Every structure is written in structure tokens, then in C-alpha cells.
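All remarks here apply to the structure that follows.
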Amino acid sequence: MTKITKICCIGAGYVGGPTMAMIAKKCPHIKVTVVDLNEQRIAAWNDADVENIPVYEPGLSAVVAEARNRNLFFSTDVEGAIDEAEMIFISVNTPTKTYGAGKGQAADLKWIELCARQIARVAKNNKIIVEKSTLPVRTASAIKDILTHTGNGSQFQILSNPEFLAEGTAVEDLDAPDRVLIGGDTTPEGRAAVQALVDVYANWIPKERILTTNVWSSELSKLTANAFLAQRVSSINSLTELCEKTEADIKEVARAIGTDSRIGPKFLKASVGFGGSCFQKDILNLVYIARSYGLQEVADYWEQVIIMNDHQKKRFANQMIRELYNTVNGKKISFLGWAFKKDTNDTRESAAIYVADHLLHEQAHIIVYDPKVLEGQIYFDLDYLATRTPEENKKGVNVVTDPYEACKGAHAIAVLTEWDEFKDYDWQRIYDSMLKPAKIFDGRNLLDAEKLRAIGFQVKAIGTNI
Ligand code: NAD
Ligand code: UGA
């Protein structure tokens, strides 16, 4: 039986960093080394002030502080860490391809393959390789193919162990996950490798929550889980438009259907559209895989989730323009929130980016305040779209660190992220400082619309016209 004493994780991002910190915290007998090519990122993970680690997650700095330099290490020495580990997690990015075949849909597995080739080059003894990144079903066979041709006789077992944590709640999700999923070969060696990983998690997770399957079911379950979750958001969002036409209220509808135990109350919050690095990428990947097997109806079914989400973002921006008398040219619009959800500094695929882009087309002037997202990231996100020059983005968008300053003199406020602090602002003070009529577009149904209307605001919230 393989007893794991040294783990390496390739990729110190939003998944690699927190997951390995939790393993190190819960398994003081295992040395965990997280490696990355990005020197800046590793330096930030090693920053003497633990509050400066590169991923903002409630509770994460305490977990890192407890284990760092005890049995948790962050390093750029990728080869050294691969060499000494018995188990190697691959937790690198798997973005949507931006070129060639499958452009805009397929997952770009370049970084996964680079990892496999590096492991093949460096490994001198048997190792268990764990796919932590989200991957297309059957990727394990490609990794295996690369690893079995190293020529040095080392044996590799490939496991799939997808991560289900959500950003903003990563620490609680890792501490008490609904389940851990481990897929492996059904051969005796495969089963032993699965058991070795089960034993790592069993240090803090009840055995009945550790599910084991074959590799392919595990790989496909991750894409499926994200597709189902995103589908719920698109489903509820699709009804917001109908609510706005019919005087139904989406919050009441969500509560009414969510109390049915077969439907359940979670993931029914209407919004300006889902964001995040994974929902869109994973569904596009699912669509691509289905198409590549000739399954058109399956592909079309899931693609609709993305189409509805794009529609929701555009619809929100268009509603703002309409309510601002069909022109936002030169108007000052304050964005409260830029992150794709609260309690994270991650902005990947955030709805705010697309709403801003749409309004900038119409020559609005946007002022952004987000409690955790830095100015440079906001310009990076807009420049990445390549819709206009960086100079034009700088001219059209200002980033401030004070919400009251953001709203001063504004024609309208748009709530793009559901940060709790927005609820507690002095809204009378904000109202007094704005141009009249002072308008609020609440893309998260976060604020107390009645209270705001009593102050004098004109409020438009998602999925209600009341
Ligand atoms: P990320 O971009 O934050 O981090 C990936 C890191 O891998 C980067 O720091 C990059 O420099 C590093 N890297 C890439 N190639 C490397 C190589 N060859 N050697 C060393 N380092 C290398 O990405 P992430 O958000 O952590 O996501 C990683 C994977 O986990 C993706 O497949 C994603 O779909 C999946 N996932 C993400 C989340 C999430 O909440 N972000 C949740 C579940 C699953
Ligand atoms: C999601 C999944 O929830 C995780 O299980 C998964 O591991 C992860 O993707 C991944 O693979 O990356 P995450 O994207 O971090 O996690 O955050 P979610 O809480 O799922 O929110 C995603 C987006 O949907 C956010 O923009 C959020 O605001 C939006 N959302 C979520 C809604 O608009 N309404 C809801 O009811 C729920």
C-alpha cells in the first residue's frame, strides 16, 4: 500500500493554493510543495505578511499561516518538487482555446501536456498523478500516453480528482465538502492509487463523502456539475425578463419553487449573469465534446445556457441605456463591484466587464469601486477584450477606492457584485451627492429597493418591475 508522505502540486492558482493549504493543514505528516512558473505568484504566497497572499478568500490566510514553512511550501523549483513527490497534483489553467481547431470552445490543454512532459522527463520512480484541473473527458488517456513513453521504467497511475470549491467560500468548501470525487483505473494498481488518495482525504473528511468512480465518470462529472449549476442560473435568469413584463417578482418565484425539496433553494438567485473562470469555459467544452462525437442536440441543449447568460448581460446594459433616456454619452455611471461574485478578488468572465464594454461603446463614463479588485486588474480585463485601445479604456473608466467618491455626481449606479458592504452604505448621503433623477440598477437584487425609493432613488432591480 502506497503511503503518501510527499505531495507536489503544479499550479499555485485559485485551486492549487487553497486546496494544498488545506491538505497541509489537515495532514501535518505530509510535506506539500506547491510549485508554479510564475515567480511573482510564488513570491506572493511566500510574502512575510500572510495577508498579501495572491488569492483573497475568507479564512485562507489563517490556514496558510498555520501550515506554511511547517509542511506547506511554495516554490518555483518545479523539477525538484516533482522529483521528490510520490503524488503529483496537476492544477494548472485549462482555458478555452483562442486559436486553431476548437477555437472559442475546446479546452486548451497546452499547459496540461507541458506538465505531463515535464513529469515524464524528471521522474525517476513510480508516481501517482492526480488531475485536479477541470479536463475534458478522456484526458487521462493522453496524459498516460505521454507518461508511459518515458523510457525509464517508472510506473504512473493517473487519477481524476476534480475540485468543486466555489470562490469566496473556498475554505469552508475544502474543510467540509459535500463530497470528494476520485476516479481511477479498476486494475489492482489503479485501486491502490485511489486508496492512497482516499487516505489523504480521510484525515478530515468522513469516508462516506469520498466517492470513487472510474476515471472517465469522474472527469465527466466535473463538467456536468458545473453545467447543471450554470443551467440553474440561466434558468432563473431567463424568467427575470418575463417577471419584468408581468409584475411577477423573481425573488418570490424563486422562493416558491425553491421550497419544493426536489428543486431546492440554492442557486436560484437572479443576477446580471454568471461569471467566473469556469462555468462558461466548462460548458463550451462540454458543447465541443458533444459536437465532436456528432451529438448535435446535446451540444445545442447546453449551448443555450451560455446564450441565455450573454443575453442577460446585454439586456442589463441595454435597460440602463433605455432608462437613461436612450443615451449614456458622456454620462457618469458608477459601478459598485467588479469581481464576478462577492468575497473574491477574481474577475475572470465577470459580468461587470461585459456591461462596462457595452456602455463604453455608447460613450458612457464609468467609475468603478470594488472592495477587493485592484485598478490594474480592471484595465487588464477591459484591454483583454481588445474592443478599443488601452488609452481609450483609461479615458472611459476611472477606478476609485472610496464608494462615496464613485457615486458623487453620477447619473446612475449599477450594482454588479453582491458585496455585503453595499447594503450598509449611507444611501441618503449618496443620493444627495448624485445628479437627479438618481437611478440605481441593481444587478444582484441586493439593495432594499423600498428604502431607496423612500429616499428618492429610481430603482430597477433584476426580475421585478414593482
Ligand atoms: P489559475 O490560472 O489561477 O492557476 C493556474 C496556475 O498554473 C497559474 O499560476 C500558472 O502560472 C500555473 N501553471 C501553468 N502551467 C504551469 C506549468 N507547466 N508549470 C507550473 N505552473 C504552471 O487557475 P485556477 O483557477 O487555479 O484553475 C486551475 C484549474 O482548476 C482549471 O482547470 C480550473 O478549471 C479548475 N477549477 C477552478 C476552480 C476555481 O474556483 N478557480 C474551481 C474548480 C476547478
Ligand atoms: C463554481 C462552482 O460553484 C464550483 O462548484 C466549481 O468548483 C467552480 O465553479 C469551478 O469549477 O470553477 P464559482 O464559479 O467559484 O464556483 O462560484 P459560484 O458560486 O458557482 O458562482 C458562479 C457565478 O454564478 C457567479 O458569477 C455568481 O454570482 C453566479 N450565481 C450563482 C448567480 O448569479 N446566481 C446564483 O444563484 C448562484
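Just so we're clear, the structure is a prediction, and the values are computed from it rather than from any experiment. The basis for the numbers below is simple: all heavy atoms, side chains too, and nothing from hydrogens, waters or symmetry mates. Note that ligands are numbered from 1 as they come in the structure, with each ligand's atoms numbered from 1 the same way.
Between I112, T344, T94, it is T94 that holds the heavy atom closest to atom 31 (C) of ligand 1. For the residues L229, D346, V272, L416, the heavy atom positioned nearest atom 3 (O) of ligand 2 is part of L229. Closest heavy-atom approach to atom 35 (C) of ligand 2 among the candidates K269, K281, K342: K269. Taking only non-hydrogen atoms, the option from G275, G276, A339, A351 nearest to atom 23 (C) of ligand 2 is G275. Between atom 29 (C) of ligand 1 and the options V92, V55, N38, the minimum heavy-atom separation is to V92. Proximity annotation for atom 14 (C) of ligand 1: of I82, L37, N93, N93 comes nearest, heavy atoms only.
With respect to atom 18 (P) of ligand 2, the closest heavy atom belonging to the protein is K341 NZ, 3.6 Å. Atom 33 (O) of ligand 2 has its closest protein heavy atom at S271 OG, 2.6 Å. Among all protein heavy atoms, the one lying closest to atom 15 (O) of ligand 2 is E167 N, 2.7 Å. Annotation: atom 7 (O) of ligand 2 to nearest protein heavy atom, L165 O, 2.7 Å. For atom 20 (O) of ligand 2, the nearest protein heavy atom (residue, atom name, distance) is F267 CZ, 3.1 Å. In this structure, atom 24 (O) of ligand 2 lies nearest to the protein heavy atom F274 CB, 3.2 Å. Ranking protein heavy atoms by distance to atom 14 (O) of ligand 2, first place goes to F340 CE1, 3.5 Å. Scanning all protein heavy atoms for the shortest distance to atom 12 (O) of ligand 2 gives C278 SG, 2.7 Å.
Ring orientation note: the planes of F228 and W302 are tilted relative to one another, at an angle of 30° to 60°. Between Y201 and W204, the ring planes lie tilted relative to each other; the angle falls in the 30° to 60° range. Classified by interplanar angle (parallel below 30°, tilted 30° to 60°, perpendicular above 60°), the ring pair W419/Y56 is tilted.
Every atom of ligand 1 with a heavy atom of L165 under 4.0 Å away is listed here by number and element: 40 (O), 42 (C). Within the listing of ligand 1, atoms 43 (C) sit less than 4.0 angstrom from a heavy atom of K222. For ligand 1, the atoms lying closer than 4.0 Å to a non-hydrogen atom of E167 are 39 (C), 40 (O), 41 (N). Shown in contact with K281 at under 4.0 Å from a heavy atom are these atoms of ligand 1, numbered in order with element: 33 (C), 34 (O). Counting the atoms of ligand 1 from 1 in the order shown, those under 4.0 Å from a heavy atom of W111 are 14 (C), 15 (N). Less than 4.0 angstrom separates some heavy atom of S91 from each of these atoms of ligand 1: 5 (C), 28 (C). Each of the atoms 18 (N) of ligand 1 lies under 4.0 Å from some heavy atom of C115. Proximity to S277 (heavy-atom distance under 4.0 Å) selects the following atoms of ligand 1: 41 (N).
Of all heavy-atom pairs spanning G183 and V194, the tightest one is C-CG2, 4.4 Å.
For the ligand labelled ligand 2, residue K222 lies inside the 4.0 Å heavy-atom shell. For the ligand labelled ligand 2, residue R444 lies inside the 4.0 Å heavy-atom shell.
At least one donor-acceptor pair under 3.5 Å links the side chain of Q312 to the backbone N or O of S271.
Between E163 and ligand 1, a contact under 3.5 Å exists for no N or O pair.
Residue-level proximity to ligand 2 for R348 is absent, since no heavy atom of it falls below 4.0 angstrom. Neither the backbone nor the side chain of N237 has a heavy atom within less than 4.0 Å of ligand 2.
Q377 and D381 share a side-chain donor-acceptor pair at under 3.5 Å. Y14 and N345 share a side-chain donor-acceptor pair at under 3.5 Å. Under the 3.5 Å distance criterion, with hydrogens and angles disregarded, a donor-acceptor pair is assigned to the side chains of Y99 and D108.
Residues T19 and L165 have side chains in contact (heavy-atom distance under 4.5 Å, counting atoms from C-beta outward).
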